[in-house]
Protein chains: 2
Amino acid sequence: MGVTIHDVARAAGVSVASASRALSGRRKVTPEIAERVARAAAELGYQPNAVAKALRDQTTGTIGMVVPGIGNPFFTTIVEAVERELQNSGTDLLLCASQYSPQVEARRLETLLARRVDGLIISPCDIEASVPAVLDAARRVPLVQLDRYIEGGGADWVGVDDEAGLALAVDHVIAGGARSVVFAGSRLVSSSARLRLSGFERAAARAGVEVLPPLLGEFTLEWGIEAGRGLLDAGRLPDAVVCANDEIAVGLVRSLRFGGARVPEDVAVVGFDDVGHATMCDPPLSTVRQPVEEMAAEAVRLLGQLKAGDPRPAQRIAIAPRLVVRQTSRPVAAGVEG
Amino acid sequence: MGVTIHDVARAAGVSVASASRALSGRRKVTPEIAERVARAAAELGYQPNAVAKALRDQTTGTIGMVVPGIGNPFFTTIVEAVERELQNSGTDLLLCASQYSPQVEARRLETLLARRVDGLIISPCDIEASVPAVLDAARRVPLVQLDRYIEGGGADWVGVDDEAGLALAVDHVIAGGARSVVFAGSRLVSSSARLRLSGFERAAARAGVEVLPPLLGEFTLEWGIEAGRGLLDAGRLPDAVVCANDEIAVGLVRSLRFGGARVPEDVAVVGFDDVGHATMCDPPLSTVRQPVEEMAAEAVRLLGQLKAGDPRPAQRIAIAPRLVVRQTSRPVAAGVEG
DNA sequence: ATCGATCGGGTAATCGATTACCCGAGTTTC
DNA sequence: GAAACTCGGGTAATCGATTACCCGATCGAT
């Protein structure tokens, strides 16, 4: 390893300054020198050392991203979208998973900051426990929260309008004839978990339908299965179940059908996210689609505008989701097959 | 940004050398100086600059990983396993997706090398087109291929024993009574695609059953659905379909059942990988489980042993997979529910 | 012919952490 | 008592790329 610009300069018989200028084109050199340097660089297989460049320029051309886990298809989708968005700006992405642990998350943020990333995009795993690490990071480098956020504001955020999304889901099942509804979600450790529950409750109250006590566990298929069993055991099924994400919904549909209930005839089920699983499962899931591409684009745009520790008030950008009606709910006038 | 070790040294009233030694503990300092430096560092919130350290030490504590795409659950699973494996060695992972394009892949390798990663783990997207970029990278830095590999050897490889895996699948369906079999896989652009087809053909020939022409498309659900329709349209179904991965298998099961065929009564279906989808789908898929954890551990171990450009002959490590019988094939004596 | 501007090339400082090297004080040993 | 050694501290070189700064040559204008 290691042909440096000094080697190139020597081989071309010029100074390092000329070599650097010839290669970067940031100042004119004679065509003759340009030619000699280009040839020398090609022959030696010179490749500039990004580490040295980063040290000198005080910028790494890198942004860090921290998500709870890449096993979750929602996060991989959003990572891909961010990557696509970054592609043409020449910045690379350093991706880390916090594994749903605030401790791991804090460590990951530390190493990203030590590596002097130019910015951070994070989906904090815990609405409370993630606060200090996220605020500290935001003080040192431009930072945008994507999807999940920490309580108390203090850092910019881009995400879906959960309130609006849940309203779409609730209004849809009610339009399909549901008179009793229940929410199947996650324990309230993330902003998404909280907002989706409250969005559900508000929409249901406004519609005046009967609301059963919410079922709160994890954002997983397994919890969906368990929640479905719980509903069956309770002896009385609601007309509709609105879920906090698609994995819960898929598990729920599976255990409901396994227990003899018909979906959507006996119970309508609606998910949230619309990534991967929704079309995969059988029957295809009605769900609320998160505008992942727009969210990623907006997050990258916002990050570009930010300066570290800028005392400008934190922005919150909520993008409207869309309802996608498939086959686990009764179709009504609206809705698009996706 | 930017309290440096000079700031710490000044605040503690000592030289940078002492500050560095006090912080790293790599040479003794008096307890008094150690104390003063520690206090100054804490008060200033000093965090060493990893970029400067990397330049000086000629090592970044980082390894790069390039996979075709993180949308594919098989690759995210393997990435997670590698990450876990790296965790306790203090090295970070720079993850890149080649998006199944040799051009993107080559670019990604270039930037990883420019950033002076200490090593590379790659699953080359194309068995032929990826050759030059991978060999070039292997010459400059320790490199291990994981899962997919390039033709012609020349770089170390760790993966599953495809031959053995396909034999497990074929023998299993034959033990279940199949007399005619077909392979549903991908066009032969990757090593996995080729080895699985040839493994299938060898096992089927050895067993002496009827073999229909293979169905070759993509490693996707959509292709599985299409392949299933193709079989139905052909008018005569084989007794068993062995698939090159789980996504194809899931799509296949779905379209076969939609077309009125019973699985496994009319047709047995076996997948490959056993990540994510296999248990999710309904009915749960019989499949061949890739030993992802072992593969990741082995790749990291091997990487640690390698020196860049080492002329030692390339190693190939194939780890045996395991058959997991669920409900898309007829159970026989062996097999474990997973 | 001379002055100023312009152009292009080279020398060396810079980014931040580590460490080779040097030096003085204190200790040991014959 | 002097030579040899140890211990701990400081100065400055180092990693590689970029660029501020300086300098000589050339050109145009007066």
Side-chain angles (χ1 to χ4, degrees), chain A residues 1-38 40-41 44-62 90 110-111 113-118 140-141, chain B residues 1-38 40-41 44-62 90 110-111 113-118 140-141:
Chain A
M1 245 355 273
V3 16
T4 75
I5 199 162
H6 286 86
D7 302 326
V8 174
R10 195 173 325 118
V14 299
S15 73
V16 287
S18 292
S20 175
R21 301 205 257 253
L23 291 168
S24 74
R26 303 169 73 72
R27 239 188 70 180
K28 285 246 304 266
V29 292
T30 53
E32 134 117 62
I33 286 188
E35 158 68 15
R36 288 221 308 273
V37 170
L44 297 175
Y46 169 70
Q47 188 194 31
N49 183 325
V51 175
K53 186 175 159 65
L55 180 60
R56 162 75 213 214
D57 295 353
Q58 299 288 35
T59 169
T60 53
T62 297
E110 277 302 303
T111 66
L113 288 171
R115 289 188 193 286
R116 298 296 191 266
V117 292
D118 297 336
R140 295 158 68 169
V141 86
Chain B
M1 248 350 280
V3 16
T4 75
I5 199 164
H6 286 86
D7 302 327
V8 173
R10 195 173 326 117
V14 300
S15 72
V16 287
S18 292
S20 176
R21 301 205 258 252
L23 290 168
S24 73
R26 303 169 74 72
R27 240 188 70 179
K28 286 243 306 261
V29 292
T30 53
E32 133 116 61
I33 287 189
E35 159 66 16
R36 289 222 306 275
V37 170
L44 297 174
Y46 169 70
Q47 189 194 29
N49 182 325
V51 175
K53 186 175 160 64
L55 179 60
R56 162 74 214 218
D57 296 352
Q58 299 286 57
T59 169
T60 53
T62 296
E110 276 302 303
T111 65
L113 288 171
R115 289 188 192 288
R116 298 296 190 265
V117 292
D118 297 336
R140 295 156 69 169
V141 87

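Proteins come first, then strands; the chains are lettered A, B, ... in the order of their sequence lines, and each starts at number 1. All values below were derived from every heavy atom in this structure, side-chain atoms included, with hydrogens, water molecules and symmetry-related copies excluded.
Atom CZ of B/R21 and atom P of D/dG8 are 11 Å apart (whole Å). Nucleotide D/dG16 holds its C1' atom 13 Å from the CG atom of A/L23, rounded to whole Å. Atom P of nucleotide D/dA17 and atom CD of A/Q47 are separated by 10 Å, given to the nearest angstrom. Straight-line distance from the CZ atom of A/R56 to the P atom of D/dA17: 13 Å, rounded to whole Å. Going from atom NZ of B/K53 over to atom P of C/dT18 covers 5 Å, rounded to whole Å. Residue B/Q58 contributes atom CD, which lies 10 Å from atom C1' of D/dT14 at whole-angstrom precision. Rounded to whole Å, atom C1' of C/dG16 lies 15 Å from atom CG of B/L44. Rounded to a whole Å, the CD1 atom of A/I5 is 12 Å from the P atom of D/dG16.
A side-chain donor-acceptor contact under 3.5 Å links B/N49 to the backbone of B/V51.
Residue contacts for B/S20: at a heavy-atom cut-off of 4.0 Å it reaches a base atom on one of the strands shown.
When all heavy atoms are compared, the tightest approach of A/Y46 to A/L23 is CE2-CD1, 3.6 Å. Among all heavy-atom pairs drawn from B/A9 and B/A19, the shortest one is CB-CB, 4.0 Å. The shortest non-hydrogen separation linking A/L113 to A/V141 is CD2-CG1, 3.8 Å.
Taking CD of B/Q47 as the start and OG1 of A/T111 as the end, the distance is 9.0 Å to the nearest 0.5 Å. The line from CG of B/L44 to OG1 of B/T4 is 9.5 Å long, rounded to the nearest 0.5 Å. If you take OG1 on B/T59 and CZ on B/R116, they are separated by 12.0 Å, rounding to the nearest 0.5 Å. To the nearest 0.5 Å, atoms CZ (B/R10) and OG (B/S15) are separated by 13.0 Å.
Within residues 28-35 of chain B, the residues that have a heavy atom under 4.0 Å from DNA chain D are, in order of number, B/K28, B/V29, B/T30, B/I33.
Between B/G13 and A/H6, the residue anchored closer to the 5' end of DNA chain D is B/G13, taking for each the nucleotide with the nearest heavy atom. Both B/R26 and B/L55 lie close to DNA chain C; mapped to their nearest nucleotides by heavy-atom distance, the more 5′-ward contact belongs to B/L55.
One can find a donor-acceptor pair under 3.5 Å joining the base of C/dG9 and the side-chain atoms of A/R27.
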Show, in sequence, the C-alpha distance, side-chain angles and deciding distance for A/V37 and A/S18, and conclude whether the side chain to side chain contact (heavy atoms under 4.5 Å, CB included) test is met. CA-CA 8 Å; A/V37 170; A/S18 292; 5.6 Å; no

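For A/N49, whose side chain is taken as the heavy atoms from C-beta onward, the closest listed nucleotide among D/dT18, D/dG16, C/dG8 is D/dG16. Side chain of B/V16, nearest nucleotide from D/dG16, C/dG10, D/dT11: D/dT11. If you check C/dG10, C/dG16, D/dG8 against the side chain of A/A17, the one that comes closest is C/dG10.
Annotation: side chain of B/T62 is not in contact with side chain of B/R115 (no heavy-atom distance under 4.5 Å).
Dashed line: the shortest gap from a side-chain N or O of B/Y46 to OP1 or OP2 of C/dG16 is not under 4.0 Å. In terms of phosphate contacts, B/S15 brings a side-chain nitrogen or oxygen within less than 4.0 Å of OP1 or OP2 of D/dG10.
In the helix from C/dA1-D/dT30 to C/dC30-D/dG1, the end axes, each obtained as the rotation axis mapping the C1' atoms of four pairs onto the next four within a five-pair block, lie 50° apart to the nearest 10 degrees.
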